[in-house]
Amino acid sequence: MTIAVAVSGGMDSLLALALLQERDEELLAVHGHFLPPSTAWERVAEGLARACDTLGVPFHALDLHQAFDDRVIKPFVAEYRAGLTPNPCAMCNPRMKFGVLFDAARNLGADRLATGHYVSMEDREQGRMLVRGRDAAKDQSYFLSMVPVEKLRLAEFPLARTFKRDVPAFLQGLGLTPPLPSESQEICFVPDDDYQHFLTARCDMSGPGPAALPDGRVIGEHQGLWRHTQGQRRGLGIPWSEPLYVLDKDVASNTLIVGPKEFLDAKGCVAGQVNLMCPARDWPGSVLVQTRYRQKAKPAKAWLSGGKLYFDFLEPHTRPTPGQVAAVYDEAGTVLGGGIIEEAL
RNA sequence: UGGGGCGUCGUCAAGUGGUAAGACAUCAGGUUUUGGUCCUGACAUUCGGGGGUUCGAAUCCUCCCGCCCCAG
C-alpha cells in the first residue's frame, strides 16, 4: 500500500511525512500548487524537494492552480457577491485536497492520502469516523466536516495525537526545515489578508447603503454589505450608546441590520449541501453543533428534511452566518456531518 | 435681535470653584489555517472665543460668536 502525503511547505505536513516514514510505510510526497506560478512557488517546491530528498521520499509537484481557481476562488467571490460569508478553507478540503489532489495522487500510484491536519480517524459504532484532534487548541475537524466520509476513510492523519507546541522541536530533532517556516494564517490566495482589496480588484462589488436597527430606524451607512458579516462589531463606524453588531444583511434593499449584542442570538438554523458521515437516524437525540471555527459546539436538536439540516439550539447561540459551515459532533468529538449554513432561525 | 435654552474628545456624555469620568467610534498590538468574535493598549494640558474675579474656573461675572425652541 502506498500513502501519498500532501505537503504544503509548512511544518505540520512535513512532520506528518516524517512520522509516517518512521512507521515504515511506502510513501510519496505530493505538493499541489494552488496559486499561479511565481518565484515563491518555485522556492517552496525546491525546499520541499530537498526535504524529501533528505528523507528519501519521492516528491511530486503538481500545478493545480486552474482547478483551485474554479473550485475555490471563483465560488468564494460569487458567494461574497451574493451576500454570503464563504469559508474557502472548508471548501478547499473536499474539493482540492481530498478532491483534485487526491485524484492526482492516485494516478501516481497512491492508495491513501495523508495530510498534516490535527484530526484523527477512529473506530466508532457508526464505523470509522472523523474525530477531533487531541490538541483541542489546534483541532481542525471543523474544516474537514464537508469532506465525504468515504474519502476520509482513505485518509491518514499522523498528527492526530500531536500537540502543535511540540512540532518545532520534533522537526529540529529530525534535521528538517520547512520551506515556509511560519505558517500563514490568512486565506492562502488573498495577499496581505486583505480580502476586501482582493474582491474589489477582481470584480465590481455592491455599493453603500443604509445601516438600520431591527425596528427599521436608519442610524448610519455601510460601504458595501460584503464588507461585513453576521456577528461583526469592528468597522461599522456607527457611534452608539453600546457596541453594535451586524445582525443580518438584507440583500434586496442593500440594508445592513445592526443591533446590540442581546439581539445576536438565534434559536436555530438551516444548512444545505449536507455532508453526512453516517445516516442521520444514527445520530444521538441531542447533537453538538458548531457554527463557527473557534466557537464551542453547543447542544441542539437536529433533523434532516428535504435534503437540508435543521437545528434547534438548546442553549443561547450566536447567530449563525450564512455561508459558514455548521459541523455536527457527538459528545465524544466524533464528526457526524456538516453543512453550509443558509439561514438563521 | 421679544422671551427661553444650549455650546466639554469624531459621536453621546459626566463634571456647578480645586486642578477634564465613562460609553461608542477610531487606531495599534495579542489570540486565530475563512469571515468574525474576544483580550490588551493608545486616544481632550483642555472644556465655542476674548476679557475679568480668585491662591485656584469647564464650573462665577462680562462681552462676542454659533445653534435650538417659542413668539412675531
*Remember a base hit wins even if backbone is also touched, and classify A:T318 as base, sugar-phosphate or nothing at under 4.0 Å, heavy atoms.*
nothing

*Taking the side chain of A:P243 as heavy atoms from C-beta outward, which of B:C24, B:U33, B:G35 is closest to it?*
B:C24

*Between A:F34 and A:F189, does the ring centroid distance fall short of 6.0 Å?*
no

If you restrict it to nitrogen or oxygen atoms, what contacts under 3.5 Å exist between nucleotides 20-22 of chain B and the protein, and what is each distance?
none

*Which part of the nucleic acid, if any, lies within reach of A:S241 when heavy atoms closer than 4.0 Å are counted: base, sugar-phosphate only, or nothing?*
sugar-phosphate

*Roughly, in whole Å, what's the span from NE2 in A:H197 to P in B:G35?*
17 Å

*Close aromatic pair by centroid cut-off 6.0 Å: A:Y80 and A:Y195*: yes

*Could A:D312 and A:K267 be called an ion pair, given the rule that one side-chain N must be under 4.0 Å from one carboxylate O?*
no

Measure all distances between protein nitrogen or oxygen atoms and nitrogen or oxygen atoms of nucleotides 6-12 of chain B, and list the pairs falling under 3.5 Å.
none

*Do other residues, nucleotides or ligands put more than 12 heavy atoms under 6.0 Å from the CZ atom of A:F163?*
yes

*Can you tell me the distance, in whole Å, between the CZ atom of A:F34 and the C1' atom of B:U33?*
13 Å

*Is there a donor-acceptor contact under 3.5 Å from the side chain of A:E156 to the main chain of A:T115?*
no

Review item, nucleotides 36-38 of chain B N/O atoms under 3.5 Å of protein N/O:
unit_1: B:G36; atom_1: O2'; unit_2: A:G231; atom_2: O; d: 3.4
unit_1: B:G36; atom_1: O2'; unit_2: A:Q232; atom_2: N; d: 3.2
unit_1: B:U37; atom_1: OP1; unit_2: A:R233; atom_2: N; d: 2.9
unit_1: B:U37; atom_1: OP1; unit_2: A:R234; atom_2: N; d: 2.7
unit_1: B:C38; atom_1: OP1; unit_2: A:Y245; atom_2: OH; d: 2.5
unit_1: B:C38; atom_1: OP1; unit_2: A:K261; atom_2: NZ; d: 3.3

_d(CD1, A:I340; P, B:G35) in whole Å_ = 16 Å

*asked:* Distance check, C1' atoms only: B:A44 and B:U40, in whole angstrom units.
replied: 23 Å

*A:T321 and A:R292: side chain to side chain donor-acceptor pair (under 3.5 Å), yes or no, with the steps?*
CA-CA 8 Å; A:T321 305; A:R292 309 176 131 76; 3.0 Å; yes

*Separation between OG of A:S145 and CD1 of A:I340, rounded to the nearest 0.5 Å*: 7.5 Å

*On RNA chain B, check which nucleotide each of A:I238 and A:W226 is closest to and give me the residue with the more 5' one.*
A:I238

_Without decimals, in angstroms, what is the distance between A:L225 CG and B:G35 P?_
19 Å

_A:E315 (side chain) donor-acceptor with A:H317 (main chain) under 3.5 angstrom_ = no

